[in-house]
Protein chains: 2
Amino acid sequence: MTTTATTLKGQPLDKQALESLLRRRLFYTPSFEIYGGVSGLYDYGPPGCALQANIVDVWRKHFILEEDMLEVDCTVLTPHEVLKTSGHVDKFADWMCKDPKNGEIFRADHFVEEILEQRLRGDKEARGQKPAESAEEDPDNNKTNKKKKKALKGKAAEAVRLDDAVVQAYEATLAQIDNYNGEELGALIKQFDLRNPATGLQPEPPVAFNLMFTTQIGPSGGLQGYMRPETAQGQFLNFAKLLEFNMQSMPFASASIGKSYRNEISPRAGLLRVREFLMAEIEHFVDPEGGKKHHRFHEVEQEELVLLDRHTQLAGKTTPRTLTIGQAVRDGIVDNETLGYFLARIHLFLEKIGVDQTKIRFRQHMANEMAHYAADCWDAELLTSSGWVECVGCADRSAYDLTVHAKKTGAPLLVRQRLDTPKVIEEWTVEIDKKKFGPRFKKDAKAVETALLGLAQPALATLSAALKATGTVSIDVAGLDGGKAELTSDLVTIEWTKRSENVREFTPNVIEPSFGIGRILYSLLEHNYWSRGEEGGDEARGVISFSPAVAPTKVLIVPISSKAEFKPIVRDLSQELRALGVASRVDDSTASIGKRYSRNDELGTPFGLTVDFQTLKDGSVTLRERDSTSQVRASQATILAAIQSLIRGESTWKDVQAKLPAFEAQEVEVAVR
Amino acid sequence: MTTTATTLKGQPLDKQALESLLRRRLFYTPSFEIYGGVSGLYDYGPPGCALQANIVDVWRKHFILEEDMLEVDCTVLTPHEVLKTSGHVDKFADWMCKDPKNGEIFRADHFVEEILEQRLRGDKEARGQKPAESAEEDPDNNKTNKKKKKALKGKAAEAVRLDDAVVQAYEATLAQIDNYNGEELGALIKQFDLRNPATGLQPEPPVAFNLMFTTQIGPSGGLQGYMRPETAQGQFLNFAKLLEFNMQSMPFASASIGKSYRNEISPRAGLLRVREFLMAEIEHFVDPEGGKKHHRFHEVEQEELVLLDRHTQLAGKTTPRTLTIGQAVRDGIVDNETLGYFLARIHLFLEKIGVDQTKIRFRQHMANEMAHYAADCWDAELLTSSGWVECVGCADRSAYDLTVHAKKTGAPLLVRQRLDTPKVIEEWTVEIDKKKFGPRFKKDAKAVETALLGLAQPALATLSAALKATGTVSIDVAGLDGGKAELTSDLVTIEWTKRSENVREFTPNVIEPSFGIGRILYSLLEHNYWSRGEEGGDEARGVISFSPAVAPTKVLIVPISSKAEFKPIVRDLSQELRALGVASRVDDSTASIGKRYSRNDELGTPFGLTVDFQTLKDGSVTLRERDSTSQVRASQATILAAIQSLIRGESTWKDVQAKLPAFEAQEVEVAVR
């Protein structure tokens, strides 16, 4: 499959070649493949596992350690009540519809989108225009960021010319495909007569399908539970304990790295849409007053980001702007400093792990995309062969979660802040003589009290005056006989009072950067992949140019011969690298040096250490750099020091080449035994 | 609760004080506590999370990196068919029984055990003997290793004297409590009239309760799935790919670190029996021929282990022997070198993270405890206030798992090994002329062929002779009319042939060391906890003496004052420690220095760095060691170097004290602002 996506070197991306490499080298593999596999589930093999661990390690240092975040590890199993309160039980759903004949199941929005796009392609063909790449492969179509189409049977478009009005209607529909609810999607299926190519039938009306995996906790089957769809809730539920652990100091952030689960209706996009995935989430708790400033914002202010704001999108455009984050916050494009700070930090993180800087943008959610409680939300999207893929979300969740959980449980999920200057409050206050009030109103006492305490200040002022003047007033009480209650001055006193508060209570707002590690990992693979063949003219040879920080293995040790005298040298090098904390592997197979290096170029191993016959004589070894395939030669100690400094990022390959003598050798394709 | 357990300093363990500390410092906390909690689920707070990460990090270096194991990360979600084949669907169950009145649910073996122990305690009391600690707290009772009793209501034993014969019957029952199946447990409940103290009724007969959490994968509800109960199966299913990744080289090991799930009937022992837990599992694949030697066995041969073998246990004793692993393998106590190698490596790992060396033993499974396919199995047990707790299992699973999955799926989960010397095979072989054979036997052809090819060598020799002599023979074929088939020499040739095989095929055996990280973590907390109060005479102050390798935070930075001029020094120290890869925390609260150090003694932080007024003058800082509370003073650079060398294990506190001048200061209990 050729897409508009490109490799690291700007070559057209041969996705099939890349996927074949990733499977061959066991970066990842479909789970349970010998049992036929289960869609949306993948296992990571050794290089994928190491890559994932390295990305997580950089993440932990970049976010948790750098900012003293409080890491927690909460359970995946979550009882019903928690996710009912958070809104997931009612709202965490996609619309699905079913073919009435063959029972095939579609995600309704994907179905509508795919059939309409198919017809539009057929129309272009009939008009003799070159059909555009399918939207899936169109990097400028921002609608593709969250979805990957089903491979509908009979996908090839028929060349049927459509009326201009129909084309317009289809395009208008596609432009707001994320906006429709189930009923509307059902109406579109009817209106446009959208049929499953496999059966020729319209699917049944869409029904909501909750994406959470359910299970029963405990032996009695009484406790309904779910596998969490995000790691956030555990952090919110522990808020009070975390605040105490942080010695009541605000703002602070918690963070969590763990698996989450979503029972996707029809996952078919490799690592980009899976049912079990690793997330890294930060919940930064901030005082909602004072404009959500961030004390380290000045450190990132000059960071330039590519921003696609909601106004641009609503105007039907997808051309982003490049701005410093300082400017974006000053101009109100990004809601506040704390949100802006994290957008910049996310950008720096993606840069650090080696994401292609020309393939990142930050897209703001449109009003209808955001949860109703969210103040602002941006996605970091990475450009891949599946279009722009949402890899990091960064939302201002306001005080929503803490508020609903506090309300449901009565737990004080709030901050009590001692005020330096006590706050003086002057107001009308009501005092009730409970001893008389109860007997007077009997069963209505509660309703009368609620009505009285619910009155606004001006009403209380009026009542106070009336009560003082006449000794009796009447107030409206819903549900009471006659709708009114008579109050007398022996029951109630209403006075102008003055008091000072030393403590302010507030529910923090939450800024939530949320990372899909699997999506980042896959994008990184595409961004760092290229093919050596195009340059040299030989058979295409894949290379993945991982930065040393994330490369699964940093150094390959290659003895040129399997003779016994090489073994102690290889073992020593291995042990010395381990002592330096550098992950290395030995390849003492009988394959040629060239083949062995090729294999490790595919694995993304940045450096190769060759032990040859010269080593036996003078102890020198050669060091090869993956991307240039150039080599230097020096003593073992010098080379080990060079490796350490390269991996720590203290020197570049150019620096090393400038210092150490070059070594010229062909990567011969014959086995040397 | 006082138990026979002791602290690191040999003091009686005050478990309540320890648990209060662990909660106060947020090592872990019941999940969903504000919703009332769910038993068997715990969240790790920041120190618990860091401790867990550090244990895993040591584990990864000690096992995976040291031995080039192939790490994989497989999914938790597992389809029915896989776990049906592995035997988990049918056999991964406990027996549970229910109170007919209040619906209370018990694990049947725990119920029987608890009531009998209660009666025995009552008997001792009636006889005027000091009742023994309950088995739960008796470190010499090896039956407690896997269970923690339910807190039955009305637990206090009534002082009722039993007949001597009854006492004997109870004791005999308890000695083999792990042996009974559900029916037998039900019979014991009837026989001994065991009643739930809460209702005075016998529970209903035990039923099998499968411990796996079930769920549905996909929207159609058609695919039954489970949350994996162990990480092993994903490794087995990927065996062929891993072998290829390892370039067909044997032996090798895969390893996995991830969550597993068991729906425990009634979990009530804190971190020791939970429903969601982190496991680290190794599957070492080894050739079953040649005695399962291990090429690095000589490196660990002299390691001394405390072994409680099955013969000792069957003789009713619990006194272990201390042997070198070399001796144990030579004597046949441990089945083979590979198993022995891993037992020693497990021991070294536990030592490395700081497990109390006097509280480790290796207990061999008795024949009836092991799975039928296991060749040998040992548990590393750690002594805690709940008795001996199984923390690591190390089993020889033979070729069971690979065999059943290969048989079910047809996947070649085996090793093809090129033989250096081809193996010459001489034997009687059958050749069938298919063209004539089919038409001759029609629908019975397959049955006749199967019968013929199933014949043993001597039978073939006889047939060959007869065929040559008479040109016709008859063989038994079950299901055929008359039970016999006539074979003629035009259909079949039976000859003595000679051929050589260059490839040997075999299914590897698996040695599986399997670690329960949560249990190890909890045991480590108990083993490293002690109380300073007993020594100094002040109020008891808890200390957890983690080794620097696993301590959640390595260094606490304490500015003596919150004045502005201290801030840059603190920030610099913080950054320098981060650059050295040393996890540090700043405590610039207004609490006294003493209070701040106390808090960090509870968190197990090994070193404290104090910035005081002298620092402002000459840049010197003090370094405090947690266990001795002694301090040294030197320049920042010198102290940082000392910290690094202490944390790397290159020097001890004594070494540091010998080199750097002591600093004498009281840990004053007044706030200095």
Side-chain angles (χ1 to χ4, degrees), chain A residues 25-26 29 31-35 38-39 41-46 48-50 52 65-66 68 70-79 81-82 96 103 105 209 213-220 223 227 234 237-238 241-242 245 247 259 261 263 265-266 275-276 405 409 411 578 583 585 589, chain B residues 25-26 29 31-35 38-39 41-46 48-50 52 65-66 68 70-79 81-82 96 103 105 209 213-220 223 227 234 237-238 241-242 245 247 259 261 263 265-266 275-276 405 409 411 578 583 585 589:
Chain A
R25 295 301 167 219
L26 213 50
T29 181
S31 304
F32 317 109
E33 201 171 24
I34 66 172
Y35 278 85
V38 176
S39 52
L41 297 182
Y42 292 88
D43 295 341
Y44 288 94
C49 207
Q52 176 180 266
L65 294 186
E66 179 62 35
D68 278 343
L70 305 183
E71 188 175 354
V72 295
D73 183 7
C74 304
T75 59
V76 166
L77 286 167
T78 307
E81 218 183 345
V82 169
M96 77 170 178
I105 285 172
F209 175 69
F213 287 99
T214 59
T215 193
Q216 301 294 325
I217 305 173
S220 56
L223 189 59
M227 297 171 79
L237 298 189
N238 283 311
K241 293 173 192 170
L242 290 167
F245 185 85
M247 298 184 269
K259 290 269 186 88
Y261 295 81
N263 196 3
I265 290 173
S266 183
R275 287 173 166 154
E276 172 168 341
H405 287 303
T409 63
R578 195 178 297 136
R585 285 230 162 232
S589 70
Chain B
R25 296 301 169 218
L26 213 49
T29 181
S31 304
F32 317 109
E33 201 171 24
I34 66 173
Y35 279 86
V38 176
S39 52
L41 297 181
Y42 291 88
D43 295 341
Y44 288 94
C49 208
Q52 176 180 267
L65 294 187
E66 179 62 35
D68 279 342
L70 304 183
E71 189 175 353
V72 295
D73 183 8
C74 304
T75 60
V76 166
L77 286 167
T78 307
E81 219 184 343
V82 170
M96 76 171 180
I105 284 171
F209 175 70
F213 287 98
T214 60
T215 193
Q216 300 294 324
I217 303 173
S220 57
L223 188 58
M227 299 172 78
L237 297 189
N238 283 311
K241 294 174 191 171
L242 291 167
F245 185 85
M247 299 184 267
K259 291 267 187 90
Y261 296 82
N263 196 4
I265 290 173
S266 184
R275 287 174 166 152
E276 173 170 340
H405 288 302
T409 63
R578 197 177 297 137
R585 286 232 160 229
S589 71

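Throughout, a chain's letter reflects where its sequence line sits, starting with A, and its residues are numbered from 1.
The candidate with the highest count of non-hydrogen atom pairs below 4.5 Å against chain B, out of A:Gly234, A:Pro219, A:Gly103, is A:Pro219. Taking chain B as the reference chain and counting heavy-atom pairs below 4.5 Å, the highest number among A:Phe245, A:Tyr261, A:Phe32 is found for A:Phe32. With chain A as partner, the option from B:Val76, B:Leu65, B:Val38 having the largest number of non-hydrogen pairs under 4.5 angstrom is B:Val76.
Of the two parts of B:Leu223, only the side chain, counted from C-beta on, holds a non-hydrogen atom closer than 4.5 Å to a non-hydrogen atom of chain A. Using a 4.5 Å cut-off between heavy atoms, B:Phe209 touches chain A through its side chain atoms alone. Both the backbone and the side chain of A:Val82 come within contact range of chain B, judged by heavy atoms closer than 4.5 Å. Contacts between B:Tyr42 and chain A at a heavy-atom distance below 4.5 Å involve the backbone alone (N, CA, C, O). The part of B:Ser589 that comes within reach of chain A is its side chain, from C-beta onward, which places non-hydrogen atoms under 4.5 angstrom from that chain. With a threshold of 4.5 angstrom between heavy atoms, B:Glu66 approaches chain A through its backbone and through its side chain. Contacts between B:Asp68 and chain A at a heavy-atom distance below 4.5 Å involve backbone atoms as well as side-chain atoms.
No side-chain heavy atom of B:Gln216 sits under 4.5 Å from any side-chain heavy atom of A:Thr214. Between A:His405 and B:Tyr35, some side-chain heavy-atom pair lies under the 4.5 Å cut-off. Side-chain atoms of B:Ile217 and A:Ser39, non-hydrogen and from C-beta on, never get closer than 4.5 Å to each other. A 4.5 Å side-chain heavy-atom check between B:Leu237 and A:Glu33 finds every atom pair outside the cut-off. For the pair A:Phe213 and B:Leu77, the minimum side-chain heavy-atom distance is below 4.5 Å. No side-chain heavy atom of B:Ser31 sits under 4.5 Å from any side-chain heavy atom of A:Thr78.
B:Gly45 approaches A:Val72 most closely through the heavy-atom pair CA-CG1, 4.2 Å. What you find for B:Asn263 and A:Gly218 is that their closest heavy atoms are OD1-N, 2.8 Å.
Checked against salt bridge (charged side-chain N to carboxylate O under 4.0 Å, His left out), A:Arg25 has the following partners two or more places apart in sequence or in another chain: A:Glu602. Legend: residues meeting salt bridge (charged side-chain N to carboxylate O under 4.0 Å, His left out) with B:Lys259, ordered by chain and number and at least two apart, are A:Asp73, B:Glu276.
For the pair B:Asp43 (side chain) and A:Thr75 (backbone), a donor-acceptor distance under 3.5 Å is present.
Remark: A:Asn238 CG to B:Leu26 CG distance equals 6.5 Å, nearest 0.5 Å.
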